[in-house]
Each structure stands twice: as C-alpha cells, then as structure tokens.
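First the structure, in the form of structure tokens, and then the observations on it.
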Protein chains: 4
Amino acid sequence: MPRLNREESQARTKNLLIEAARDEIVRKGFAQASVRDIADAAGFSQGAFYSNFPDKEAILLELVQRHQSEERAKIEAALSSAGGDVAKAMAGIEKWAATINSDPAFAVLAIELQLQALRSPSFAEGYNELNRKHRRALGTFVTKLFELFGKKPPADPVDIATGFIALGRGMALVSKDGETSRSGRIMVTFLKALIGSAPADGGKK
Amino acid sequence: MPRLNREESQARTKNLLIEAARDEIVRKGFAQASVRDIADAAGFSQGAFYSNFPDKEAILLELVQRHQSEERAKIEAALSSAGGDVAKAMAGIEKWAATINSDPAFAVLAIELQLQALRSPSFAEGYNELNRKHRRALGTFVTKLFELFGKKPPADPVDIATGFIALGRGMALVSKDGETSRSGRIMVTFLKALIGSAPADGGKK
Amino acid sequence: MPRLNREESQARTKNLLIEAARDEIVRKGFAQASVRDIADAAGFSQGAFYSNFPDKEAILLELVQRHQSEERAKIEAALSSAGGDVAKAMAGIEKWAATINSDPAFAVLAIELQLQALRSPSFAEGYNELNRKHRRALGTFVTKLFELFGKKPPADPVDIATGFIALGRGMALVSKDGETSRSGRIMVTFLKALIGSAPADGGKK
Amino acid sequence: MPRLNREESQARTKNLLIEAARDEIVRKGFAQASVRDIADAAGFSQGAFYSNFPDKEAILLELVQRHQSEERAKIEAALSSAGGDVAKAMAGIEKWAATINSDPAFAVLAIELQLQALRSPSFAEGYNELNRKHRRALGTFVTKLFELFGKKPPADPVDIATGFIALGRGMALVSKDGETSRSGRIMVTFLKALIGSAPADGGKK
DNA sequence: CATGAATGAGTCTTCATTCAT
DNA sequence: CATGAATGAAGACTCATTCAT
C-alpha cells in the first residue's frame with residue numbers, strides 16, 4: 001500500500017464513502033441507509049462523513065454523476081464496437097441490454113435518485129441539471145443507431161432515449177434476481193420494433 | 001350524513017386511513033410517511049391505525065390491491081369501448097396513455113410498492129402473489145389488442161404487458177409536472193412500433 | 001398513592017419534568033442541560049419530554065411563569081405581613097433579602113432565562129411579554145413600600161424595582177455558597193439608602 | 001504591514017483568537033461558541049487554537065484578565081478626571097454609568113465568565129483568584145469617591161463596589177438594545193442615594 | 001374500537017480534541 | 001507553529017409501537 005499524501009488520502013476516504021453509500025442506498029433505499037451504516041461500511045466514523053459532505057443528501061449528487069457517466073460509457077461501448085456493421089451493432093445492443101439487468105442495483109439506484117429529486121427541491125436543483133445533459137447525450141446515441149440502420153427515428157431521439165431509460169428503470173423494479181434475462185429480452189423486443197417499423201431515411205443529413 | 005352502525009363506522013375509519021396513507025406515501029415515500037402523519041391526515045389518532053392494521057407495512061398490501069384493480073379497470077375501459085373497431089381501440093389506448101401521466105402519483109405509488117417488495121421479504125410475499133395475477137390479467141389485454149389488429153405478438157404477451165407497465169412506471173418518475181404529455185407520446189410511439197412491426201397472425205388461435 | 005386519571009397523570013408527568021428541568025438548568029445551564037438529563041432526572045424517557053413540550057426551549061417558558069409568580073409571592077409575603085407598621089415592613093424586607101440568596105439557584109435560573117431571551121428571538125417573544133407584566137407588578141410593591149415610609153420614590157418605581165431585580169441577579173452570580181449573607185446585606189444597604197435619601201411625600205395622591 | 005518575526009507572529013495569532021473568542025462568546029454564550037466558530041472568525045484553523053491554548057476553557061481566563069483591567073481603567077478614568085472637584089466627579093461617574101450600557105456585550109461577557117466559574121471548578125480556581133483582586137481594587141475606588149464627598153461609606157467599600165458590579169451585570173441582562181439609557185439612570189439613582197444618605201465623615205482616617 | 005401518553009431505539013448532526021503532514 | 005481530516009461521544013429530535021383508559 002503506497003504512502004498517500006494528504007490530498008490523496010482524503011480523496012480515498014471520500015471515494016470509499018461514496019461507494020459504501022451506493023451499496024447501502026441500493027440495498028435499503030436512501031431514507032433507510034443511515035449515515036452510520038454508510039460510514040461503518042466504508043470503515044470510517046460518522047464524523048468522517050461530515051468532513052467530506054455537508055449533509056446526507058450531498059452524497060447523492062456525487063452518485064448521480066458517477067452513475068450517469070457509467071451509463072453513458074456502457075452504451076457507448078455497445079455502439080462503438082460495431083464500426084459500421086449493422087449486425088454487430090445489434091449484437092452489441094443485445095449484450096448491453098442483457099447487462100443492464102445483470103446489475104439491477106444500477107437501475108434501482110437511478111430510481112432512488114429520481115424519487116429523491118421528486119421530493120427534495122434542494123436535491124432536484126442539482127439533479128435536474130445533470131439529468132438534462134444526460135438525456136441529451138443519450139439522444140445522440142439513438143440518432144447514431146438509427147443512422148446505422150438507414151432509418152429515420154419515429155420520434156424525437158431524446159424522447160426515445162428517455163423511453164428506454166424509463167423502460168430500463170421500470171424493468172429493474174419488476175424483475176427479481178432470478179429472471180434477470182426477461183428485462184433484456186423485452187428491451188430488445190421494443191428496440192427492434194422501433195427500428196423495424198421506422199421509415200427509411202431518404203434524407204441526406 | 002346517515003347514522004352508521006358499528007361495522008360501517010369501522011369500515012369508514014379503515015377507508016379514510018387507507019386513503020390518507022396513499023396520499024402521504026405518494027408525497028413523502030413510505031419510509032417518510034409516519035403513522036402519525038397518516039392518522040392525522042385521516043383525522044384519527046395513532047391508536048386507530050393500530051386498531052385497523054397490525055403494523056405500518058400492513059396498509060401497503062391494501063394499497064396494492066386497490067391500485068392494481070384501478071389500473072386494470074382503466075385499461076379495460078380503454079379497450080372495451082372500442083368494440084371491434086381498430087381505430088377506436090387505438091384512440092382509447094391513446095387516451096389511456098395520456099391519462100396515465102395526468103396522475104403521476106398513481107405510478108409513483110406503484111414504484112414505492114415495488115421498492116418495498118424488493119426490500120422487505122415479509123411484504124414481498126403478499127405482494128408478489130398479487131402481482132403475478134395482475135400481470136397475467138394485463139397479458140390478456142395485450143393478446144386482445146393484437147388480435148384486434150390481426151397481428152401476432154412479437155413476444156410473450158405477459159412480457160409485453162410487463163414492459164409497458166415498466167415503461168409507465170419509469171416515465172412517471174422522469175417526467176416533471178409540466179411535461180405530462182411526453183410520457184403518453186412515448187408510450188404510444190412504442191406501442192405503434194410494436195404493432196406495426198408485428199407479423200400478421202395467420203394462425204387459428 | 002392515589003389512582004390518577006389520564007389528565008392528572010399527564011399533569012404529574014409534566015410537573016415532574018418541569019421540576020427536573022429547573023434543577024438541571026440551574027446546575028448546568030440551559031445549553032448543558034440535555035433533554036436526556038432532564039428526562040432521566042424526572043424518571044421518564046426522552047420521548048415523554050417531547051410528548052409534553054414541542055421542543056427543548058418550550059420548557060423554559062413554563063419555568064419563567066413559575067419563577068416569576070414565586071418571586072412575587074415572596075415579596076408580597078414580606079410586605080403584607082407588616083400591616084402599616086414601618087418597622088415590621090423593614091424587618092420583612094430584610095428577611096426576604098436574606099432569603100433571596102439562601103436559594104441562589106433561584107437567581108441563577110433567572111439569569112439563564114434572561115440570557116436565553118437575549119439570544120433566542122423565538123424565546124424572547126414569549127419571555128419579554130411575561131417580563132413586562134412582572135416588572136409592572138413589582139413596581140407597585142415599590143410604590144407601596146415608599147408610601148409606608150411616607151416618602152416619594154426618587155425615580156420611576158418600575159425602574160427601582162428593575163434595579164433591585166438586577167441587583168439580586170447580579171449578586172447571586174457573585175456570591176459563592178459560603179457567603180450567602182453578603183448579598184442580603186448589600187441589598188438592604190441599597191434599599192435603606194434609597195428610602196433614607198428620598199424626599200418626604202407631601203402630595204395626597 | 002510590517003514583517004513580523006516568529007514571536008510577534010505568534011502573539012498576533014493568539015490575540016486575534018482571543019478577540020474572536022470574546023465576540024463569539026458574547027454573541028452565543030460559551031457553550032454555543034464552538035472552537036471552529038472562533039478559529040474561523042479569527043481567520044485560522046482549529047489546530048491553531050490548540051497550538052495556543054491547551055483547551056477551550058483556557059481562553060476564558062485570558063478573557064477575564066483583559067475584561068477586568070478594561071473595567072478598572074474605565075472607572076479610574078471616570079474618577080481621576082475630576083481632580084478634587086465633587087461636581088466633576090459625579091459628572092464623570094454619570095458618563096461612566098451611561099457608558100457601561102452602551103456596550104452591554106461587556107457585561108454579558110462578565111456574566112458568562114461568572115456562570116462558568118460557578119459550574120466549572122477547574123475554571124473557578126483561576127477565576128476566583130483574579131476576581132478577589134479585582135473587587136479589592138474596586139473597593140478603593142469607592143473609598144476614594146466617598147472621601148471626595150466627605151462622607152463615610154455606609155458599608156464595607158468592597159461590598160458596595162461588589163453591589164454596583166452586580167447591579168451593572170444584572171442591568172445589562174435586563175435592558176434591551178433600545179433602552180440602554182435606563183441602566184445608567186438606575187445606577188446613578190442608587191449611587192446618589194447611597195452618598196446622599198451616608199453620614200458625614202468626621203473621622204480623621 | 002379509539003385515544004394519546006409513554007417508550008426505546010434510532011436519526012442526523014455538531015463538536016472538542018488529536019495527530020500526521 | 002499551523003493545518004484540517006478524522007474520531008468518538010454526545011445532543012436534539014422522530015418514530016413505530018404498546019397499553020391503560
């Protein structure tokens with residue numbers, strides 16, 4: 001274990017707290033995940049929590065950022081590996097769709113965040129800003145995907161992306177641990193239908 | 001106000017408590033809705049709550065039943081008004097899709113229930129049983145809908161129904177009060193794509 | 001021990017809490033007297049405290065009322081026992097002045113209350129109202145005392161009363177347990193000087 | 001700003017901390033003034049506090065010393081400006097009495113100190129020592145004042161001085177910001193009565 | 001059945017103090 | 001000497017639940 005200077009040490013502490021918070025919140029929900037639970041799980045005192053975050057809610061915003069960039073990274077990986085190959089792209093998507101529920105915690109966290117935004121105006125402020133950017137980024141993925149298939153999206157790409165996010169979130173709730181495959185199946189069914197029924201894109205961008 | 005006998009009076013108390021609980025839970029979340037809040041909102045003491053329910057969680061199961069039958073009733077109404085008329089059926093569906101988000105509270109409650117089921121084994125027991133039945137019922141609606149269009153569902157009807165439930169739930173979270181129309185739009189887009197890209201049903205039931 | 005009905009039982013609880021609070025606050029100061037300490041000393045749980053008072057500060061207002069009426073009662077007793085007899089009146093006053101510091105806790109509590117009023121606007125609101133009335137009542141005692149001696153008060157009676165209250169409070173702080181007599185001595189010295197140097201009251205009211 | 005050597009720099013730090021502590025304690029009370037508040041207000045870290053004082057209470061003793069010498073200096077100034085002139089002396093006293101409440105913070109601090117001495121044996125030790133000296137010094141002022149008027153103090157000069165200190169402290173608590181004049185008025189009334197009713201000093205010291 | 005005072009465990013947060021840097 | 005992250009204990013307050021009335 002390398003000797004850490006002060007800055008690194010603090011960053012490490014903060015990181016451990018964030019990871020512990022994510023686990024606890026996924027397992028118990030934000031309200032039920034006590035600061036003591038989180039600090040204990042991270043191996044620190046409660047005071048350490050408050051040395052790193054002004055209050056309990058503050059750690060949620062950190063989680064949003066990490067969660068969203070991970071989400072974007074996964075999708076990007078699924079698409080980019082395809083090059084221009086349609087079949088490969090769809091395969092990548094299917095792999096991603098399967099993935100999405102191998103970690104239902106991922107979606108459950110997203111739901112906790114959104115519920116919190118619905119109820120806490122102070123949190124909503126920061127959250128909505130981040131979320132707007134996230135949805136816009138996902139919209140460009142949808143655009144790219146339909147371009148790949150030579151199709152015209154049947155609705156605003158941002159709306160479509162939002163729909164799939166919503167679908168993923170909703171499915172994560174419904175599915176129990178056993179049936180993690182169903183969610184992916186449904187999402188792929190929906191996506192294929194959307195692409196299949198879309199009109200060809202005659203335009204030249 | 002008619003004089004109520006003992007039995008009716010008790011039923012009325014229980015009813016008022018359930019309604020108050022639903023409102024409080026939607027607004028604050030299950031964990032944040034205290035028994036005192038609920039009892040106060042219903043105009044009773046905390047003791048009255050415990051005279052009608054063994055514990056706080058017990059009121060959730062009552063909510064599940066009411067919620068699911070309301071959900072089924074809404075969909076059924078949308079479909080049945082069509083008779084055999086395809087256009088009318090689609091119009092009914094669109095109206096329902098619009099509806100679903102005019103009351104986001106409805107979906108938020110569903111999410112609270114599902115989260116609770118995810119976390120509380122004791123609640124999950126009763127909940128899952130009810131939920132299985134509910135999904136099966138919704139599956140038959142999907143079957144009917146595709147039949148109406150002379151199409152063959154591209155996946156297990158129960159899966160498709162589950163997908164739309166999930167989509168509705170997810171959308172309810174995402175959408176703020178202002179943009180209640182977006183959710184309906186997306187759901188209809190998805191549904192049309194599914195029907196549009198489905199193969200004709202040559203089979204004989 | 002007589003069987004108490006619900007109302008009596010609650011009044012008893014509240015009473016015990018108030019008395020325990022007074023003791024704890026005198027001994028440790030308001031900030032240092034924890035709700036747990038107070039509840040423990042009264043023989044109840046912390047929850048019982050919050051069943052009887054909305055918050056920690058609320059118990060202070062109850063203390064003010066009790067404290068002030070006790071203070072008035074003591075002075076009134078000192079004066080009224082005299083009838084019209086000047087010598088007896090002065091004797092009564094001396095006894096009272098001695099008394100005032102036999103219980104320094106009494107004055108220390110008053111100081112705690114006043115400090116709190118200085119710092120907590122919410123508490124000050126209720127406190128100042130009570131205090132205004134109290135000072136006015138004490139002013140009439142001063143008026144009576146000077147009348148008894150056939151003298152004209154050398155300043156607004158309310159001011160003079162306020163001065164003696166202030167003096168008593170200040171002395172309570174200064175004097176340690178051992179020298180409880182000094183405070184009384186000083187107060188009597190001041191009072192005699194005030195009466196002695198006052199002009200005769202020629203007016204006929 | 002001149003370059004300070006190590007020693008001067010440290011003295012400056014300590015000084016800033018003491019001044020910040022005084023302000024915070026007057027405003028919030030000793031218990032409510034946190035070390036962080038004090039250090040922040042002084043522009044230093046919490047560690048700097050503990051580099052200069054062994055613990056939180058230690059800073060109080062420093063405050064006592066400063067406070068008492070300021071108090072003596074004010075009174076001395078009021079008296080000494082008179083020379084042997086009785087009228088000027090009384091005018092000086094009146095100015096001082098007015099002064100005393102133009103800064104109620106001054107008296108509030110004294111009260112905080114005395115309360116702390118009442119409750120913390122460790123602090124009381126140092127405090128009482130300082131206080132004894134202070135009262136004796138004030139006693140000589142009283143002696144001088146009565147000499148000036150050719151009167152014999154009607155009680156131990158130290159007691160009289162203590163009485164006026166107590167009166168000043170008590171008044172500081174009672175008076176709100178608006179009525180800062182009342183305190184001075186009362187103190188002068190009391191003082192005049194004491195001098196007026198005192199017997200002439202026939203003795204030859 | 002309904003009341004609500006009381007309980008006891010738990011919540012978030014603050015704070016004096018320590019110590020590696 | 002000064003820094004400030006971290007500690008551990010404590011503080012005010014909340015809450016599901018019980019039970020005598």
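Residue numbers begin at 1 in each chain, while the letters A, B, ... track the order of the sequences. Note that the structure is a prediction, hence the values are computed from the model and not measured.
- The side chain of A/D55 lies closest to E/dT13, out of E/dT17, E/dT13, F/dT18.
- Remark: the backbone N or O of D/A117 is not paired with any side-chain donor or acceptor of D/S120 at under 3.5 angstrom.
- Figure legend. F/dC1 is base-paired to no nucleotide; pairs are counted as Watson-Crick or G-U wobble with both atom distances under 3.5 Å.
- Within the 3.5 Å criterion, the main-chain N or O of A/V26 finds a donor-acceptor partner in the side chain of B/R119.
- Residue C/L16 contributes atom CG, which lies 10 Å from atom P of E/dA6 at whole-angstrom precision.
- Under the 3.5 Å distance criterion, the side-chain polar atoms of A/K28 are left unmatched by any main-chain donor or acceptor of A/S34.
- Between the D/E112 side chain and the D/F30 main chain, a donor and an acceptor come within less than 3.5 Å of each other.
- Of the side-chain N and O atoms in D/Q46, none sit less than 4.0 angstrom from OP1 or OP2 of F/dG4.
- Here the straight-line distance linking atom CZ of D/R36 with atom CZ of D/F49 works out to 13.5 Å at 0.5 Å rounding.
- For the pair C/L17 CG and E/dA5 P, the computed distance is 13 Å after rounding to whole Å.
- Following rounding to the nearest Å, B/Y50 (OH) and E/dC1 (C1') show an atom-to-atom distance of 17 Å.
- Across all strands shown, F/dT17 pairs with E/dA6; the Watson-Crick or G-U wobble distances both stay below 3.5 Å.
- In this structure, A/T13 reaches the F/dA6 phosphate: one of its side-chain N or O atoms is under 4.0 Å from OP1 or OP2.
- For the pair D/R12 CZ and F/dC1 C1', the computed distance is 14 Å after rounding to whole Å.
- Taking atom CZ of residue D/F53 and atom C1' of nucleotide F/dC1, one finds them 14 Å apart after rounding to whole Å.
- Atom CD1 in A/I38 sits roughly 14 Å away from atom C1' in E/dT13 (whole-Å rounding).
- In this entry the distance linking CG of D/D40 with P of F/dA2 reads 15 Å, nearest Å.
- Checking the phosphate oxygens (OP1, OP2) of E/dT7, a side-chain nitrogen or oxygen of C/S45 falls inside 4.0 Å.
- Of the candidates F/dC13, E/dT17, F/dA6, the closest approach to any side-chain atom of A/A48 belongs to F/dA6.
- Summary of the strand contacts: D/P54 and C/S51 both lie near DNA chain E, and taking for each the nucleotide with the nearest heavy atom, the more 5' one is attributed to C/S51.
- Pair assignment for E/dC12 gives F/dG11, based on Watson-Crick or G-U wobble hydrogen-bonding distances that are each under 3.5 Å.
- B/K56 places its NZ atom 14 Å from the C1' atom of E/dG10, with the value rounded to the nearest Å.
- Of the residues in residues 23-36 of chain A, those with a non-hydrogen atom less than 4.0 angstrom from any atom of DNA chain E are A/A33, A/S34, A/V35.
- Summarising the geometry, atom CD1 belonging to D/I59 is positioned 6.5 Å from atom CD1 belonging to D/I25; distances are rounded to the nearest 0.5 Å.
- The residue among D/F49 and B/G47 whose nearest nucleotide of DNA chain F is located toward the 5' end is D/F49.
- To the nearest 0.5 Å, atom CZ of residue D/F53 and atom CD1 of residue D/I18 are 4.5 Å apart.
- C/E19 and C/R22 are not joined by a salt bridge, as no carboxylate oxygen comes within less than 4.0 angstrom of a charged side-chain nitrogen.
- In terms of position on DNA chain F, the residue among D/N52 and A/Q10 whose nearest nucleotide sits closer to the 5' end is D/N52.
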